[in-house]
Amino acid sequence: MVKYSRIAGLMFADFLIVNFSYIFALLLRFEFEVNSNQFNQYFTVYADNILPLTIAAIIAFALVGIYTSIWRYAGSEELVKIGIGAVLASIFGLTFISIARPMTILPRSVYIISAMMMFVLIACSRYMYRFIRNLKNPGSVNNILLSVGKKDIIGSGLTKVMVIGAGDAGASMIKEIKQHPEYSKKVVAAIDDDPNKLGKRIAGVKIVGSRSKIKTIARKKGIDEIIVAIPSANHKEIQNILNECNRTKCKIKVLPSLIDLINGDVSVSHLRDVEIEDLLGRDPVKVNLREISGYLEEKIVLVTGGGGSIGSELCRQIARFRPRRLIAMDIYENTVFELANEMKAKYPQLEFEVVIGSVRSKERVHEVFEKYKPHVVFHAAAHKHVPLMENNPKEAIMNNIIGTKNLIDMSDEYSVSKFVMISTDKAVNPTNVMGATKRAGEMMLQEKSTHSRTSYTAVRFGNVLGSNGSVIPLFRKQIENGGPVTVTHPDITRYFMTIPEAVQLVIQAGAMADGGEIFVLDMGEPVKIMDLAENIIRLSGYVPRVDIDIEITGLRPGEKLYEELLLDEESVKKTAHQKIYVEHPLPIDPELSRLLSGDEGITLEDKIYEIAKGSDSDAKEWLHTLVRNYTPQK
């Protein structure tokens, strides 16, 4: 309805312009002598033919597409259309009168003058409309005349482009491509889901359909590249659009989000390749920077596992909040050495120190706490690879349980204000050694929180995109080697998040924690690993199962088909943050409680050192008594 009322309004405006142009042309032709016999004679001819002359002009304008252009984004193509339409309007009018009333034809100069007037007045009316519309969008006025006077560069060897999004960003993108022939691109089609825009033109490019037509149009028009120009779209919308684009063989580029484009014009230089994060369909978690800065600023912060993917990102983000001193502890020297160089370059004023040592050594942990006396501890050091830990359960128990207990006890002894442990979704009803040891760590900090001044908390999330040992770097390496890409099961699913997002959640949890909570991120829908593998193959420029094969290898030891995030959904409550939930303390398992108390003359450490002397199968059986909901796989 809006579409047709808009066209009707434009036609009415053109009705006035056409008739004003003819009247003005007559006045100019007879030097404004309105009382002369000649003027009155020809004016009568015009008045008798006013309806056919107007209809002829409207038909001419419609034929050249004046009523299907989106004038908010008008450019040089629209000026050409107006000029052709004005000439055709005069020719149609002259032809009609010559045939229908040859004895009462108007002077030919009237048709020439009226055509010129129509061109000027219609162009002014359309660009005035554009100017008024752009006034509502600050910053857009500067772009009003960008495309005027520019020519389309048409030639062989150009990359044919489809732009998705017929809004401000899409219009700006089309204009810039037209103005820069050095890009060797030509926009041949635009896509938008707004039915009112269908069939119209944006900056001279026709809007040919909605997102459901992407594959069809790409094939029909021989599209080489698709540009997604909807910076205001949320992650779910982008995911749906990219899923459609991935059905084509086109290269895909996207504009960053509005927050990344703030204070900057939309430009081809802003385009980036599609990342796998774009396909998750979930908006990143937002954090309360004021809360975070309050407990990190001017504090001494210790990060264990500081050289790992999570630990190093923790250090990078913590450094932004001006801690008094930041200590990265890790047993592996190479990655933490690289981190130290990075931190010195980015934060030269920060006291950043590296400690080499293992968290499983109580003596070394004590030395670190005695020397630095940290206020806040982030515990990211852990053995995390599920298949490796299945084959080395005693090492997982020593590192993930003894190491965590050493840090928990030392944090209590040295009155640490906040202790935040990195946990995993694999700790929920674990079927593998790694998940069971992480669940034991959660229970230990929950038990300690009942009688300590330190606020202990754990943060539980799923797989982290791009982290060391995660599935995506593995897939990319397999693709580089020509395939096949290996998937353990066609139906296996996982939750995913980005490294910066995971770290923001960890830091936010420290600010929100009262003690004993397990924080969980609403990670949206789980991702099917088979879909993930296919998308990574496409993003690498190949066709799944044609260029790169996919091989099903079978579930690995300790691996689930799907992961859970919660132990007891009824105990979960919302927090002040939309994407963060908290699972409050649950009763810990009796065996762990008994060993932590040491009432029977044997401590957890004693028992673990005893277990370390036995077999791997004995270690798994004992871990089952420690974490009752752990079900070892045979």
Is a side-chain donor or acceptor of Asn535 paired with a backbone partner of Asp531 at a separation under 3.5 angstrom?
yes

Are side-chain heavy atoms of Asn429 and Asn629 found at a separation under 4.5 Å?
yes

Using only atom types and a distance under 3.5 Å, with no angle test, would you say the side chain of Asn400 pairs donor to acceptor with the backbone of His383?
yes

Pair Glu225, Thr159: side-chain N/O donor-acceptor within cut-off below 3.5 Å
no

Non-neighbouring partners of Lys405 that pass salt bridge (charged side-chain N to carboxylate O under 4.0 Å, His left out), sequence neighbours left out:
Asp409, Glu605

Rounded to the nearest 0.5 Å, how far does CE of Met398 lie from OG of Ser358?
8.5 Å

Rounded to the nearest 0.5 angstrom, the CD1-CD1 distance for Ile164 and Ile227 is 10.0 Å

Between Val354 and Ala340 the two heavy atoms that sit nearest each other are CG2-CB, 3.8 Å

Rounded to the nearest 0.5 angstrom, the CZ-OH distance for Arg320 and Tyr347 is 6.5 Å

Does the side chain of Ile174 come within less than 4.5 Å of Ile202's, by heavy atoms?
yes

Scanning both residues in full, the closest heavy-atom pair of Val506 with Val459 reads CA-CG2, 3.9 Å

Please confirm whether the backbone N or O of Ile356 pairs with a side-chain atom of Arg364, one donor and one acceptor, at under 3.5 Å?
yes

Before giving the answer on side-chain contact (heavy atoms from CB on, under 4.5 Å), spell out for Trp622 and Ile397 the whole-Å C-alpha distance, their side-chain angles and the decisive distance to 0.1 Å.
CA-CA 10 Å; Trp622 174 78; Ile397 290 170; 4.1 Å; yes

What distance separates Ile226 CD1 from Asn246 CG, expressed to the nearest 0.5 Å?
9.0 Å

Under the 3.5 angstrom rule, does the side chain of Lys438 hit a backbone N or O of Ile422 as a donor-acceptor pair?
yes

Do you know which two heavy atoms are closest between Ile507 and Phe378, and how far apart they sit?
CA-CE2, 4.1 Å

Mind checking the OG1-CG spacing from Thr488 to Leu561? Nearest 0.5 Å is all I need.
8.0 Å

Sub-3.5 Å donor-acceptor pair from the side chain of Asp616 to the main-chain atoms of Pro393, do we have one?
no

Who pairs with Ser615 by side-chain hydrogen bond (donor to acceptor under 3.5 Å, both in side chains), at least two apart in sequence or on another chain?
Ser617, Asp618

Go through it in stages, so that I can follow the logic: the residues are Val376 and Ile318, the test is side-chain contact (heavy atoms from CB on, under 4.5 Å), and I'd like the CA-CA distance, side-chain angles, deciding distance and then a yes or no.
CA-CA 11 Å; Val376 181; Ile318 290 168; over 6 Å; no

For Asp193, which residues count as a salt bridge (charged side-chain N to carboxylate O under 4.0 Å, His left out) partner, sequence neighbours excluded?
Arg211

Compare all side-chain heavy atoms of Glu442 with those of Arg460 and state whether any distance is below 4.5 angstrom.
yes

Smallest heavy-atom separation, Ala440 atom then Ile401 atom, equals CB-CD1, 3.9 Å

Decide yes or no on side-chain contact (heavy atoms from CB on, under 4.5 Å) for Val487 and Phe475, but give the supporting numbers first.
CA-CA 9 Å; Val487 177; Phe475 284 168; 4.2 Å; yes

For the residue pair Ser309 and Lys384, what are the closest heavy atoms and their distance?
OG-NZ, 3.8 Å

Assess, by modelled atom type and distance only, whether the side chains of Gln317 and Glu313 contain a donor and an acceptor separated by less than 3.5 Å.
yes

Which is it for Ile479 and Ile537 under the side-chain contact (heavy atoms from CB on, under 4.5 Å) test, yes or no, and what are the steps along the way?
CA-CA 7 Å; Ile479 292 167; Ile537 291 171; 3.8 Å; yes

Indicate the atoms forming the closest heavy-atom contact of Ala189 with Ile217, along with that distance.
CB-CG2, 4.2 Å

Quick check against the 3.5 Å criterion: does Asn432 have a side-chain atom that pairs as donor or acceptor with the backbone of Gly435?
yes

The side-chain hydrogen bond (donor to acceptor under 3.5 Å, both in side chains) partners of Asn481 (sequence neighbours excluded) come to none

So, the side chain of Ser312 versus the backbone of Gly307: is there a donor-acceptor pair under 3.5 Å, distance only?
no

Kindly compute the distance separating CZ (Arg219) from CD1 (Ile214), expressed to the nearest 0.5 Å.
13.0 Å

Taking Lys418 for its side chain and Gly510 for its backbone only, find out whether a donor-acceptor pair lies under 3.5 Å.
yes

Under the 3.5 angstrom rule, does the side chain of Thr437 hit a backbone N or O of Met434 as a donor-acceptor pair?
yes

Taking only residues two or more places apart in sequence or in another chain, which ones pass salt bridge (charged side-chain N to carboxylate O under 4.0 Å, His left out) with Lys528?
Asp491

Non-neighbouring partners of Lys160 that pass salt bridge (charged side-chain N to carboxylate O under 4.0 Å, His left out), sequence neighbours left out
none

Are any side-chain N or O atoms of Glu244 and backbone N or O atoms of Ser212, one a donor and one an acceptor, separated by less than 3.5 Å?
no

